[in-house]
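We use all heavy atoms of the structure for the numbers below, so side chains are in, but hydrogens, waters and symmetry mates are not.
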Amino acid sequence: MASWCVRAVRQSYSLVASPALLRASPRLLCTATQQKNGPGPEEEAEKTEQGAAEKALTEEKSQLEEQLKEMTDKYKRALADTENLRTRSQRMVEDAKLYGIQSFCKDLLEVADILEKATESVPKEEVTSQNRHLKNLYDGLVMTEVQIQKVFTKHGLVRLNPEGQKFDPYEHEALFQAPVEGKEPGTVAMVTKVGYKLHGRTLRPALVGVAKAP
């Protein structure tokens, strides 16, 4: 029994005096001290660097988002400008197709006016079968006038003879105003020269006299 107690005491002493335990003790003490006193300088530096990196990334993200927004706005404006340019170009092409013959039509209007004056100047009582040459000439003038009006209508050129209508400054040009019996003031009492419209646009206003109140 006494020998067993001696051996137990020796084993306990060897365990306490073990080199491994002695080496581990300073580390355990250091860890405990760090936990008690808080993080050291290295951990503080690491946290500072990490915070600075996060701040830099946040700023870079904000800059990229701002650049993306600016580029998106520029892209939308460019699309809108391109669409407006396309619309204007298309309208110009359509107008060119419709009104490209405007100058030519103006020249032909003078021919139509001459034909109209020529037919009006022929005395109707002399246009008989006995006066065959005059009748043939008159009939040819009338047929030519009818045909040229058909050509005008085919190409969108419409004749304006506004006698008795209300005066419209967009379609008529007043040469004079005078009181006319039986005519309402503000209406066209006389047409001295007919007008024309090309596809709804006034090519030449009618020259008229307007009735006014006495």
Side-chain angles (χ1 to χ4, degrees), residues 70-127 131-180 182-213:
E70 184 179 354
M71 293 299 295
T72 303
D73 292 340
K74 289 182 179 180
Y75 175 70
K76 290 181 179 180
R77 286 196 296 269
L79 282 180
D81 293 340
T82 303
E83 181 63 22
N84 291 336
L85 178 61
R86 188 192 66 81
T87 303
R88 287 196 299 269
S89 300
Q90 184 176 359
R91 189 182 300 116
M92 291 174 62
V93 171
E94 292 174 356
D95 289 346
K97 290 180 180 179
L98 290 176
Y99 305 109
I101 59 173
Q102 180 171 318
S103 182
F104 178 68
C105 289
K106 281 185 176 181
D107 294 337
L108 284 181
L109 295 184
E110 300 299 328
V111 178
D113 292 339
I114 293 172
L115 285 173
E116 184 179 4
K117 294 297 182 183
T119 54
E120 289 177 353
S121 63
V122 177
K124 302 299 185 294
E125 62 275 7
E126 296 185 12
V127 183
N131 197 349
R132 183 175 302 175
H133 296 291
L134 181 60
K135 185 177 187 302
N136 291 338
L137 178 61
Y138 177 78
D139 290 343
L141 290 174
V142 171
M143 291 176 61
T144 303
E145 186 179 4
V146 171
Q147 185 62 32
I148 199 171
Q149 290 298 327
K150 286 183 179 179
V151 173
F152 286 171
T153 303
K154 179 181 177 181
H155 292 280
L157 192 61
V158 181
R159 190 170 183 262
L160 297 176
N161 189 359
E163 186 173 357
Q165 300 178 10
K166 190 171 181 62
F167 176 75
D168 185 353
Y170 296 102
E171 296 182 358
H172 314 145
E173 182 178 343
L175 298 179
F176 61 89
Q177 285 184 318
V180 180
K183 295 290 185 179
E184 184 180 355
T187 58
V188 176
M190 181 186 300
V191 179
T192 60
K193 194 173 186 178
V194 297
Y196 285 88
K197 294 178 71 174
L198 179 61
H199 295 292
R201 178 187 295 179
T202 302
L203 182 63
R204 187 182 76 181
L207 304 181
V208 300
V210 182
K212 70 175 183 177

- Message: I'd like to know if R159 pairs up with E116 as an ion pair, taking the criterion as any Lys NZ or Arg NE/NH1/NH2 lying under 4.0 Å from an Asp or Glu carboxylate oxygen.
- Response: yes

- Any E163 side-chain heavy atom under 4.5 Å of M190 side chain: no

- Query: Taking the side chain from S121 and the backbone from K117, do they hold a donor-acceptor pair closer than 3.5 Å?
  - Reply: yes

- Sorted by chain and number, sequence neighbours left out, salt bridge (charged side-chain N to carboxylate O under 4.0 Å, His left out) with E70 holds for K74

- Task: Determine yes or no for a side-chain-to-main-chain donor-acceptor pair under 3.5 angstrom, with T187 supplying the side chain and Q165 the backbone.
- Result: no

- Query: Got a second to check how far L109's CG is from R204's CZ, nearest 0.5 Å?
  - Reply: 5.0 Å

- Working to the nearest 0.5 Å, report the span between CD1 of I101 and CG of D107. 12.0 Å

- Rounded to the nearest 0.5 Å, what separation is found between the CG atom of L157 and the CG atom of L198? 6.0 Å

- Item | Within 45° cone and under 6.0 Å: R201 NZ/CZ vs Y99 ring | yes

- Task: May I ask you to decide if the ring planes of F167 and H172 are parallel, tilted or perpendicular, using 30° and 60° as cut-offs?
- Result: tilted

- Message: Please report the interatomic distance CG(L134) to CZ(R132), rounded to the nearest 0.5 Å.
- Response: 13.0 Å

- Please check if the side chain of T202 supplies one atom and the backbone of Y170 the other of a donor-acceptor pair under 3.5 Å. yes

- Looking at side-chain heavy atoms only, is the closest gap between V122 and E126 below 4.5 Å? no

- Message: Please find the pair of heavy atoms, one from A211 and one from K183, that lie closest to each other, and give the distance.
- Response: CB-CB, 3.7 Å

- Task: Inspect the contact between E83 and R86 and indicate whether a charged nitrogen and a carboxylate oxygen are less than 4.0 angstrom apart.
- Result: yes

- Where do P162 and V191 come nearest, in terms of heavy atoms and distance? CD-CG2, 3.8 Å

- Query: Any side-chain heavy-atom pair from T192 and V208 closer than 4.5 angstrom?
  - Reply: no

- Item | Ion pair D81/K76, N-O distance below 4.0 Å | no

- Query: Should we count CD of Q102 as having more than 12 external heavy atoms under 6.0 Å?
  - Reply: yes

- Any side-chain heavy-atom pair from L85 and R88 closer than 4.5 angstrom? yes

- What distance separates Y196 OH from N161 CG, expressed to the nearest 0.5 Å? 9.5 Å

- Query: Which value, rounded to the nearest 0.5 Å, describes the distance between N131 atom CG and L137 atom CG?
  - Reply: 10.0 Å

- Message: Which heavy atom of L141 sits nearest to which heavy atom of A118, and what is that distance?
- Response: CD1-CB, 4.0 Å

- Message: On a heavy-atom basis, which atom in L203 and which in C105 lie closest, and how many Å separate them?
- Response: CD2-CB, 3.8 Å

- Query: Do the non-hydrogen side-chain atoms of K193 and D113 ever get within less than 4.5 Å of each other?
  - Reply: yes

- Using modelled atom types only, decide if a donor and an acceptor are shared between the side chain of H199 and the backbone of H155 within a distance under 3.5 Å. yes

- SB check D139 K135 (cutoff 4.0 Å): yes

- Message: For a side chain to side chain contact (heavy atoms under 4.5 Å, CB included) check, start with the C-alpha distance between E145 and T119, then their side-chain angles and the critical distance, and finish with the verdict.
- Response: CA-CA 9 Å; E145 186 179 4; T119 54; 3.4 Å; yes

- Which atom of Q149 lies closest to which atom of A112, heavy atoms considered: NE2-CB, 4.4 Å

